[in-house]
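Order of the sequence lines fixes the chain letters, A, B, ..., with proteins taken first and strands second; residue numbering starts at 1 for each chain.
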2 protein chains.
Amino acid sequence: MNALGKHLLLELKDCDREVLNDLSFLKGILLAAASEAGAIVLGESFHQFKPHGVSGVVIIAESHLFIHTWPELGYAAVDIFTCGDSVQPGKAAQILINKLGAKNHSILEIQRGILDTE
Amino acid sequence: MNALGKHLLLELKDCDREVLNDLSFLKGILLAAASEAGAIVLGESFHQFKPHGVSGVVIIAESHLFIHTWPELGYAAVDIFTCGDSVQPGKAAQILINKLGAKNHSILEIQRGILDTE
C-alpha cells in the first residue's frame with residue numbers, strides 16, 4: 001500500500017514569540033528547511049497580518065510547506081507535504097522546530113493518496 | 001477546549017481527469033470555493049507540472065486552500081485550513097468535490113491550535 005504523499009502537521013507551542021511575527025525570518029527558515037530537506041523550491045508567498053501573525057507558503061516541486069503563526073500565543077501551525085522519496089520532510093520539521101524555539105511540539109503524519117491502483 | 005483553526009484534508013478520487021490538469025479551471029474553482037465559503041482572498045500561486053499535474057494555493061485572511069493533482073490517477077489532495085467562525089470550510093469542500101467530479105472522496109477534519117490557554 002503506497003501513498004503518493006506524506007503530510008506532516010506540526011503543532012508548535014511555546015515558541016519564541018518575537019520570531020513568529022518576523023516575516024523575513026520565517027520566509028528564510030521555510031526556504032532553508034525546504035532546501036535542506038532536498039526539495040526544489042518553485043515559489044513562495046508570505047503575508048503579514050495586523051496587529052500580528054504571519055501566513056506563508058513555499059511551493060516545492062514535491063508539494064508544499066506552510067506556516068501560520070499566532071505570535072500572541074506563541075503558537076505556529078506548520079504543514080510539510082511532500083511526494084516521492086527524494087525529500088526528507090522530517091529534516092525540514094526538525095529545522096523549523098529548532099529555529100522557532102518550540103518548547104512543546106507534536107507531529108501528526110498523514111498518508112495522502114492511498115489509491116487502489118497503487 | 002477551543003481550537004484556533006479547522007483543517008479539512010480531502011482525498012478526492014475518481015475525479016474528472018481532464019480538469020485535474022487544467023490550471024485555469026483549478027484556479028477558478030479554488031478562488032470561487034474560497035469566496036463562496038466567505039473567505040477573504042489575499043493571494044494565489046499555481047504551478048503546472050510536465051507532463052501532468054497542478055499544484056496551487058489560495059491564501060486567505062483565514063488561512064489557506066491547497067490543491068495537488070495527479071490527473072493520470074484521477075486523484076487530487078485538497079486542504080482547506082480556516083480560522084475563526086466567519087468561513088464555512090465545508091461549503092468550500094462540497095464545491096470542490098462537485099466541480100472535480102470526484103466519485104469517491106473522504107474528508108479528515110483536524111483541529112489545529114488547541115492551546116491550554118484557550
[atom2] on [Y] to [atom1] on [X], rounded to 0.5 Å:
X	Y	atom1	atom2	result
A:C83	B:H68	SG	NE2	6.5 Å
A:L9	B:H7	CG	NE2	5.5 Å
B:D14	A:L115	CG	CG	8.5 Å
A:I110	B:I110	CD1	CD1	4.5 Å

Taking side chain as everything from C-beta outward and backbone as N, CA, C, O, which of these in [X] sits under 4.5 Å from a heavy atom of chain B? Side chain, backbone, both or neither.
X	answer
A:L12	neither
A:L42	both
A:I67	neither

Indicate, with yes or no, if [Y] and [X] share a hydrophobic cluster defined by side-chain heavy-atom contacts under 4.5 Å among Ile, Leu, Val, Met, Phe, Trp and Tyr.
X	Y	result
B:I59	A:F46	no
B:V78	B:Y75	no
A:I95	A:V87	no
A:L65	A:I107	yes
B:L73	B:V54	no

Next on the checklist: One pair to check against side chain to side chain contact (heavy atoms under 4.5 Å, CB included): A:H64 and B:V57. What are the steps and the verdict?
Outcome noted: CA-CA 9 Å; A:H64 73 265; B:V57 62; over 6 Å; no
Checklist outcome for this item: Heaviest contributor of heavy-atom pairs below 4.5 Å to chain B, chosen from A:W70, A:F49, A:F66, is A:F66
Next on the checklist: Quick check for you: among A:S55, A:A77, A:G43, which has the greatest number of heavy-atom pairs under 4.5 Å with chain B?
Outcome noted: A:A77
Checklist entry - Judged by atom type as modelled, is there a donor-acceptor pair below 3.5 Å linking the side chain of A:K13 to the main-chain atoms of B:I114? => result yes
Next on the checklist: Quick one, A:D79 with B:R112, criterion side chain to side chain contact (heavy atoms under 4.5 Å, CB included). Give me CA distance, side-chain angles, the key distance, then yes/no.
Outcome noted: CA-CA 11 Å; A:D79 283 25; B:R112 304 293 296 267; 2.8 Å; yes
